[in-house]
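These numbers come from the heavy atoms of this one structure, side chains and all, not from hydrogens, waters or symmetry mates. Residue numbers begin at 1 in each chain, while the letters A, B, ... track the order of the sequences.
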There are 2 protein chains.
Amino acid sequence: MVELYTHKIDTVFHALSDATRRHMLRELTRGERTVGQLAEPHAMSLAAASKHIKVLEGAGLVRREIQGRIHLCRLDPGPLATAHEWLSFYEHFWTTRLDALEHLLKQDDARKADQNAKMPPSKPGNDT
Amino acid sequence: MVELYTHKIDTVFHALSDATRRHMLRELTRGERTVGQLAEPHAMSLAAASKHIKVLEGAGLVRREIQGRIHLCRLDPGPLATAHEWLSFYEHFWTTRLDALEHLLKQDDARKADQNAKMPPSKPGNDT
DNA sequence: TACACATTCAACCACATGGTTGAATTATAC
DNA sequence: GTATAATTCAACCATGTGGTTGAATGTGTA
């Protein structure tokens with residue numbers, strides 16, 4: 001169970017770590033695409049593109065419907081939601097880090113204001 | 001610029017695609033850790049763990065402060081925020097997919113309700 | 001100074017990845 | 001039924017990845 005989940009998130013993040021595959025995902029947000037259509041914008045052989053699509057499929061990000069000789073691919077955003085959720089665990093850390101940065105900037109402002117207090121002030125009152 | 005961004009998100013997703021590295025990140029949410037401390041829970045050599053930490057560093061996920069002979073690592077959640085943001089683009093797709101699922105379930109409920117209408121009903125009124 | 005400690009470096013290995021090419025498979029079209 | 005189109009398969013190649021071991025580096029300590 002946990003094994004399965006671990007395996008899945010491994011494959012999802014790995015699938016996302018390649019620009020070609022990310023581009024294909026973007027393309028699939030615009031609708032269903034055949035293998036050929038997905039391959040077309042990329043300067044590589046069809047076989048190579050086919051492998052990329054298989055990686056996306058393996059990560060559960062793409063579903064394929066075979067209609068005769070063409071393979072229709074569509075986006076399955078589920079694993080993206082999983083990855084998004086996984087990252088959300090860390091949301092607290094980057095927001096508090098931004099808070100800390102903001103705090104430092106305020107300190108800096110206060111320091112500047114303090115320096116200005118020793119000089120003839122030009123504009124008052126924004127040191128809250 | 002875009003190159004840089006692309007390279008970065010590549011390395012971030014790649015860094016996240018390994019369970020050992022994800023575990024190290026989790027550990028770092030609990031506070032600063034030395035290389036040895038990060039390596040300890042994992043059944044591998046220090047050199048191997050050191051390489052993992054370098055991958056995290058390369059993705060900008062970990063910062064290192066060298067204090068004498070020990071290297072203190074801390075989490076830098078910034079790139080996680082970037083990845084989270086990247087995934088958010090697709091949020092619409094998984095939520096509308098859930099909406100569609102919900103819609104299907106409602107249809108199913110309606111179908112069942114319709115079937116039940118042909119039978120003596122037992123419990124009324126939850127088909128909104 | 002000599003030793004122990006924390007970490008990296010370098011060389012190596014097995015296997016995965018991302019690409020190629022040419023042949024095979026399968027379905028449509030003439 | 002034969003050619004053509006869409007896709008995969010198989011073999012191959014260069015490079016990357018994740019691991020090992022043993023030596024090297026640099027820092028604290030007796």
Chain A on DNA chain C: first and last contacting nucleotide, 5' to 3', under 4.0 Å to a heavy atom?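 So the outermost contacting nucleotides come out as dT17(C) to dT28(C).
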For R69(A) and for T20(A), locate the closest nucleotide of DNA chain C by heavy-atom distance; then report the residue assigned to the nucleotide nearer the 5' terminus.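 Final value for this comparison: T20(A).
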Run the ring-centre check on H14(B) versus H14(A) and record whether the distance is less than 6.0 Å. no
Heavy atoms only, 4.0 Å cut-off, all strands: where does H42(A) land among base, sugar-phosphate and nothing?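 Counting heavy atoms under 4.0 Å across all strands, no contact is made by H42(A).
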Rounded distance (Å) that lies between atom [atom2] of [N] and atom [atom1] of [X]:
{"X": "K54(A)", "N": "dT8(D)", "atom1": "NZ", "atom2": "C1'", "answer": "6 Å"}
{"X": "R33(A)", "N": "dA6(D)", "atom1": "CZ", "atom2": "C1'", "answer": "17 Å"}
{"X": "K51(A)", "N": "dT7(D)", "atom1": "NZ", "atom2": "C1'", "answer": "14 Å"}
{"X": "L46(B)", "N": "dA23(D)", "atom1": "CG", "atom2": "C1'", "answer": "15 Å"}
{"X": "I70(B)", "N": "dT27(D)", "atom1": "CD1", "atom2": "P", "answer": "13 Å"}
{"X": "M44(A)", "N": "dT7(D)", "atom1": "CE", "atom2": "P", "answer": "16 Å"}

Presence of S45(B) side-chain N/O under 4.0 Å of dG19(D) phosphate oxygens OP1/OP2: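 So the side-chain polar atoms of S45(B) never come under 4.0 Å of the phosphate oxygens OP1 or OP2 of dG19(D).
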In terms of the nearest nucleotide of DNA chain D, which residue is placed more toward the 5' end: Q67(B) or I53(A)?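 The residue closer to the strand's 5' end, by nearest nucleotide, is I53(A).
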